[in-house]
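No hydrogens, no waters, no symmetry mates; every other heavy atom, side chains included, goes into these values. Letters go in sequence order (proteins before strands), and every chain restarts at 1.
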Amino acid sequence: MKNTLSIALLTLLSTSAFSSSFLDSVKRTKWGDLDVVLIEDSKFPRYNAAFYFQDGSINDPFSGATQGAFDQLAAGTSKESQREIAEFFDFYGVNLKHSVTHEYSVYSVQGLVKDAGPVMGKVCEIFNDAQYPQKELTSYVSRAKSHLKNLVTSHASLADRIFRQLSLASTPYSTPVEGTLAGFDKLTPVGLKERLNELNKAKKVLYLTGPSDLSEMKDVITKTCRWSSETSLKRIELKKPAPQSAIYLIPVPGANQAQIRIGRYITPREIQGKYDNFSFLSGFLGGGFTSKLVQELRVKRGLTYSAGAYVSMQRDYGRAGIMTFSKTESAAEAISLVRDVFQDVTAQKFTPEEFKHQQGHQIGGFSFGFEESSAFLSQIMLYDHQGRDLEELVKFPEVIANLTLKALSQANLEAFPWDRLTIVVVGDKSLEKSLSRIRPVRVLNYQDFL
Amino acid sequence: MKCWLLLLALLLGCSSVKESKTLSENIHIEVSELKLDNGLTALIVRNPKLPIFSLQFFYKVGGKNEVPGITGASHFLEHMMFKGARRYGKNTIDFIIEGSGGSTNAYTTNDQTVYYENLPSSQLEKILDIESDRMENLLLDVDDFNKEREVVLEERKMRYENSPRGQLYLELMQTLYKGTPYGRSVIGDIPDLKSVTREQIYKYFKRFYAPNNATLVLVGDVSISEAKKIIKNKFGPIPSSPSVEEAHKELKEEDFVPKITTDVMVARKGESPNPLFMLAFGSYKAGHPKGYALDVLSSIIGSGKSAALVNQYIMIEKPVATSMYAAHQSLDKSGFFFIGGELVRGVKLPEFKADLQKKLMGFCETEITARNIQKIKNNYLVDLYGGLDTNAGLGSFLGERQLVFGDWRFYKEELNMYEKVTVEDVKVACKEIFAKPSVFVSVWNMHK
């Protein structure tokens, strides 16, 4: 273990040097009204353009509106059909993706530099002129509903969905971004056009990586895209989560394994100035094979194949959680063990060696976040969204090296107070008896969460 | 053509392009090779961008090398390889790797097992020492063995027993490759997993996990001369396996060919409210010339929003499916072409199958165009860039080819094969494959 710390300290010296130089490579500029964050990467003649929209599903008039506006963006314009648009992007080998969160949305375009002009022209065209034709929308709604009704085929995904709705029940963040069966029925061409119009007016930033000469892309975006940055996200203030007294059991047919989710939402006030402490905590609890939960649940007892922990933050809300699973017979034991681990960490019942090991893990692993320019840009995007200074990113290894055992136990106490944690179990209905030994059990129907 | 040359010019910044007629003459990736007397092959590429590296060990052993009674042995060993070796003791390997900021994992397929680590450059000697220790002196502690048996059974539940998609894939392989080693489950049959002994696994380990059955690939900020010196020092003394060559020779290609002679339909009850299906046809082993045309065919009909299957079954007013895909899977001794998807409720499976097979034959005439083939080549280019962006990505690219084709340079041949694929080649391959006997497997909660 001595060795681990000395490696970490050595790594610290080298990482602070290269992370500063990586930060120097981040250029901030403006293309017309559009803020641009650029990292030059000439390794391949391709680019990755991620358009950040400071608008997300929190502004949905009904569940799934923002997701639908992006999903059906290329379903047709006044000039071209869905098939023609798809054919265009596929021919150029363009990889189009979008992700919607409650607070922001990202539309990513990845392609070859030589085609950047026409491709970006087409992107602007669909944002300017998406028509959301009824025929294509009907098909989309039919598929989305069918797919959602079949979510029971993935117990893990179902558990994630239900956990959000229950653990964030008293907040505007409980509604699933991807939509609900009731929400899909409200999607109309007019409603989606209105939502797109709002997105086009939302504050935007382009996070771009690629070779230095992307002037054609700049010309197209500034001249063709009718984007503005008039609106920004309204602030929302949350109260701390209320105490929890039950375990929610959601029976699914034919399960011989239980999916377990434990956690709560957190407020910015709780995490302010302590992002890195919570990041360290999530790694300590469930960030690898040597993390506390994996050691206790998997290595020592063979109860599960995997266990993970996270403490993540957007701007106005965050989440702290544990994800694992176990066979029906041992699900209650697994939950009790998670509780014991929380208690032990809060009581500082862990060794200095375990602590130093995690320091080594996080400091030594810091370099890997810079290997792919697009991944580095995603980190910058999140920092910007949260309103954090990028200098914090550079200082991460130093902060971790100076962290104390007490700070870790305090972070655990703040993130995972047992009486405020929501517990969701998706599995066989016979689990009710064993789970009731931990907390009273409330049995819910999974179909009510679709 | 222009795109491909550009790709090759930029591979890791270690490549160069000359004006020449064939792609293979234009490629030069700077790989430093080492072959030890005991048979170990090592490939090393230097990339000084960051003080990190990726190390990967490709062992030529997987589900196809197992026999009834020890199905799942390669995957079980994948777990046990992290449990300790003589010099490093019990349960220390993960701690050493993660404690220095690294990450590690492994995966097992029908044909190979791959162990990989991503680490800071300062850890090169240490990790090579660990890898050599577990290759030579794996502990296989009985207590750990029995605990890990439970973990493997949990993994099996997660991937297959509680996953209709996992059930579908297992059923497909068991039906298409019935009576061949590819018909066995890579993760193992439950009775075998419950009964397999430490001694059986140890014997299997000693036969297959040896220098003459492994390829080491190292990519990152390392000194090539120093790395070679350490590799020789750590792995040179490990004896080769006297019986591994014989084990590979015993596996005859003809024993892996699907034996179906007529269309087969399998309906399996599973917890999916929507029917899930896969339709498969036997094809060719990796590297077979006809396989490249089938790769292109699968992309034309199944990749992207403009693909034929998407247009026919998904992007229509009354969708028949919520997702559809097609792929050509090339294995070491055989291969198969498959189409799959999730259908909407109410679709009658026999009618759907008949309609699909009719449409597939129709695609051979309507969808195989010069523009569509160019489209697929453009997409392959973008995918290649993505795949080679990291040390691990390049390591995997080289290691796969070394293991399957015996030479990492085989990618040149592959690129040329894709470059040469013509409309006529794909049309011929299309008509040939869809005329073969097929296996249609579905998983649905309405099945009895």
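Rounded to the nearest 0.5 Å, atoms CG (A:Leu151) and OG (B:Ser272) are 11.0 Å apart. Here B:Lys147 contributes atom NZ and A:Lys300 contributes atom NZ; the two are 9.0 Å apart, rounded to the nearest 0.5 Å. With rounding to the nearest 0.5 Å, the separation of CG in B:Asn378 from CZ in A:Phe91 is 5.0 Å. Atom-to-atom distance recorded for B:Asn372:CG and A:Asp90:CG is 9.5 Å, nearest 0.5 angstrom. Note that CZ of A:Phe368 and CG of B:Asn391 are 8.0 Å apart. Values are rounded to the nearest 0.5 Å. Considering CD1 of B:Ile316 and NZ of A:Lys135, their distance stands at 9.5 Å, rounded to 0.5 Å.
A donor-acceptor pair under 3.5 Å is absent between the side-chain atoms of A:Glu372 and the main chain of B:Thr390, judged by distance alone. Here the side chain of B:Asn274 pairs a donor or acceptor atom with the backbone of A:Ser146 at under 3.5 angstrom.
If you measure heavy-atom distances from B:Leu119 to chain A, the contacts under 4.5 Å come from the backbone alone. At a 4.5 Å heavy-atom cutoff, B:Lys318 makes no contact with chain A through either its backbone or its side chain. Residue B:Arg165 touches chain A through its side chain alone, counting heavy-atom pairs closer than 4.5 Å. Heavy-atom distances place the side chain of B:Arg159, and not its backbone, under 4.5 Å from chain A. Residue contact with chain A, scored on non-hydrogen atoms closer than 4.5 Å, involves the backbone and the side chain of B:Glu98 alike. Interface remark: B:Asn146 contributes no atoms to any contact with chain A (heavy atom separation under 4.5 Å). At a 4.5 Å heavy-atom cutoff, the contact between B:Glu271 and chain A is made by backbone and side-chain atoms alike.
Every residue meeting the side chain to side chain contact (heavy atoms under 4.5 Å, CB included) condition with B:Ser299, not counting sequence neighbours, appears here in chain and number order: B:Ser303, B:Ile376, B:Tyr380.
Other residues, nucleotides and ligands contribute only 12 or fewer heavy atoms inside 6.0 Å of the CZ atom of A:Arg83.
B:Leu388 has its side chain within reach of A:Phe44: a pair of non-hydrogen atoms, C-beta onward, lies under 4.5 Å apart.
Heavy-atom minimum distance, A:Tyr305 versus B:Glu155: CE1-OE1, 3.1 Å. Between A:Asp71 and B:Lys305, the shortest heavy-atom distance links the atoms O-NZ, 4.4 Å.
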Check your understanding: Does the pair A:Arg298 and B:Glu150 meet the rule for a salt bridge (Lys or Arg N to Asp or Glu O under 4.0 Å), with working shown?
Key -> CA-CA 9 Å; A:Arg298 175 174 164 164; B:Glu150 295 303 312; over 6 Å; no

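Just one of B:Leu276, B:Leu343, B:Asn445, B:Thr322 meets the side chain to side chain contact (heavy atoms under 4.5 Å, CB included) condition when paired with A:Asn150; it is B:Leu276.
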